[in-house]
2 protein chains.
Amino acid sequence: MTVERRTTRRRDALSKERIVEAAIDVLDTDGDRGQVFRALTVRLSTGVGAIYHHVANKNDLLAAAADAVIAPVMSDATTDGEPEETIRAIALGIFDSIDAHPWVGAQLSRDPRQPAVLHIWEGIGGQLNALGITGAARSDAGAALVNYVLGSAAQHAAGPGQAPRAADRSAALATLATEWEQLDPAEYPMVRDEAARLGAHDDRAQFLAGVDIFLAGIRTL
Amino acid sequence: MTVERRTTRRRDALSKERIVEAAIDVLDTDGDRGQVFRALTVRLSTGVGAIYHHVANKNDLLAAAADAVIAPVMSDATTDGEPEETIRAIALGIFDSIDAHPWVGAQLSRDPRQPAVLHIWEGIGGQLNALGITGAARSDAGAALVNYVLGSAAQHAAGPGQAPRAADRSAALATLATEWEQLDPAEYPMVRDEAARLGAHDDRAQFLAGVDIFLAGIRTL
DNA sequence: ACCTGAACACCGTTCAAGT
DNA sequence: ACCTGAACACCGTTCAAGT
């Protein structure tokens, strides 16, 4: 059925969209430390130069890939319901994206001016507006929430509990708990105390608890 | 006067402390992208292998260097005054360190288990304790504040306004404002709105405003 | 035990040559 | 205009040989 197309051009033309799409796959599989460009030439059966014809450099590629992940999440989460509820949905949407694509967590911290971060700003700023917060107060509240979300994202992406299988995850947490229990109680009393709670630890629930703390603080503005 | 020492050993022995100290200088000057190890061999007049004898790898070196910057800030800021005031002092101390050593901003996001991050946890957790917050509530509140601080740190370190001279800084902000004013108003209404405020923007004050929003949220727990 | 530095490995980027 | 892929550049890491 696709014979016509197949004879007119043997393969889809390269485009930034196709490259970004392939890059997301590669990054999900190998992480951002792997040989991203080399893997792309294989997957797209092309040369490196062709990729550089559509993309300025690795930074540009990662920024575009992160935005391709984040932008749709933002528009999906942004509904016309309760602003606070929408903010929670936005935050959870970002959290879940980073859980699925850990490299996005690190990427968002790399440059505050990249499209993905601006889209997050837009989403959160719009809801603060809807809450009647404007001017400098909105700047401050927006920065607080955005920075909290990005900080949590980076820490979550870099943390243990990122192991693909649940068994590896709980094993990693157990190892960490043992490590922390052996720390000097004089220097690290709090961390040792946390070790006891690691087993029942739920990053996602804790992330949401943090969003609620900020929302409560914003209500006092 | 130091003749005796000079003749017994021609140069101080290498140690992790000396390497870390030199690394902080190198990182401050060249950033973490520069050829850190090569610069270290020059500064310490030694070979790369000697450095690897005291340090496992670049990650280990950066983690140790970040902790050498952060740990003293934490113990200086931690006094027995008002817990909320101490939390502000801790947060500002971290902010100012990252302002002085931008590479620390990125490093703290790289691994939640590194000593510098654990020290931050200790400092903040201790003050939350003093506020009477314990158990799971302290975990949640602590995670929220630590993640906010680390997120702000990373964004600040990666942002403009990091130019050494004030003139470069305001030039960078002006360029950014112009860029943002040209964004599509339909896609980026909030960011365009922020552009107008960029001139008077003070990252440090906004960071502190975020800490205060968080503290207000904590009071409602 | 500690140091030396050449060699290696890794991966992003360039560039001359092709269609 | 777009693609090809070998060559280059950069920088962390290893390792055989020294003291």
Side-chain angles (χ1 to χ4, degrees), chain A residues 5-66 102-103 106-107 110-111 114 158, chain B residues 5-66 102-103 106-107 110-111 114 158:
Chain A
R5 284 241 237 98
R6 266 181 196 156
T7 44
T8 40
R9 35 173 182 170
R10 282 182 42 216
R11 164 182 85 232
D12 294 341
L14 217 49
S15 68
K16 185 156 182 178
E17 285 70 39
R18 281 194 64 221
I19 293 171
V20 164
E21 206 180 324
I24 292 174
D25 266 10
V26 167
L27 290 163
D28 286 349
T29 311
D30 304 335
D32 53 0
R33 290 295 192 80
Q35 26 195 11
V36 182
F37 280 85
R38 258 151 260 229
L40 277 178
T41 59
V42 175
R43 182 162 312 217
L44 298 168
S45 51
T46 183
V48 231
I51 295 172
Y52 275 92
H53 197 268
H54 296 271
V55 149
N57 50 40
K58 192 181 181 181
N59 232 333
D60 180 33
L61 177 61
L62 282 172
W103 52 273
Q107 174 56 30
R110 261 195 278 271
D111 178 12
Q114 65 184 313
Chain B
R5 283 243 238 97
R6 265 180 197 156
T7 43
T8 38
R9 36 173 182 171
R10 281 182 40 217
R11 161 182 88 231
D12 294 342
L14 217 49
S15 69
K16 187 156 182 179
E17 285 70 38
R18 281 194 66 222
I19 293 171
V20 164
E21 205 181 324
I24 292 174
D25 266 10
V26 167
L27 290 162
D28 287 349
T29 311
D30 304 336
D32 53 1
R33 291 295 193 80
Q35 24 195 11
V36 182
F37 281 83
R38 260 152 261 225
L40 277 177
T41 59
V42 174
R43 181 163 313 218
L44 297 168
S45 50
T46 183
V48 229
I51 295 171
Y52 275 92
H53 196 268
H54 296 271
V55 149
N57 51 38
K58 193 182 181 181
N59 232 334
D60 179 34
L61 177 61
L62 281 171
W103 52 272
Q107 173 57 28
R110 261 196 279 271
D111 177 12
Q114 65 185 312

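Chain A is the first sequence line, chain B the second, and so forth, proteins listed ahead of strands; every chain is numbered from 1. Below, each value reflects all heavy atoms present in this structure, side chains not excepted, and no hydrogens, waters or symmetry copies. Keep in mind that this is a model prediction, so the values were computed, not measured.
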Pairwise 5' ranking along DNA chain C for A:Asn59 and B:Arg38, keeping only the more 5' one =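 Its nucleotide being nearer the 5' end, the pick is B:Arg38.
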Position toward the 5' end of DNA chain C (nearest nucleotide), A:Asp32 or A:Gly49 = A:Asp32
Is there a side-chain contact between [X] and [Y], using heavy atoms and a 4.5 Å cut-off?
X: B:Val36; Y: B:Lys58; result: yes
X: B:His53; Y: B:Leu14; result: no
X: A:Arg18; Y: A:His54; result: no
X: B:Lys16; Y: B:Asp60; result: yes

Which residue pairs satisfy the salt bridge (Lys or Arg N to Asp or Glu O under 4.0 Å) criterion with at least one member in residues 37-52 of chain A, sequence neighbours excluded?
-> A:Asp25-A:Arg43
Can you check the [X] [atom1] to [N] [atom2] distance for me, whole Å?
X: B:Leu44; N: C:dG5; atom1: CG; atom2: P; result: 13 Å
X: A:Lys58; N: C:dT13; atom1: NZ; atom2: C1'; result: 12 Å
X: B:Phe37; N: C:dC10; atom1: CZ; atom2: P; result: 17 Å
X: B:Tyr52; N: D:dA16; atom1: OH; atom2: P; result: 17 Å

Among [options], find the nucleotide with the atom closest to the side chain of [X].
X: A:Ala50; options: D:dC11, C:dA6, D:dC3; value: D:dC3
X: A:His53; options: D:dC11, C:dC11, D:dA1; value: D:dA1
X: A:Val36; options: C:dA6, C:dG12, C:dT13; value: C:dG12
X: A:Gln35; options: D:dC3, C:dG5, C:dC11; value: C:dC11

DNA chain D in dot-bracket form (Watson-Crick or G-U pairs under 3.5 Å, [ ] crossing, | inter-strand) is ||.|||||...|||||.||
Nearest non-hydrogen partners of B:Ala65 and B:Val20, listed with the distance |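 Closest approach of B:Ala65 to B:Val20, heavy atoms only: CA-CG1, 3.7 Å.
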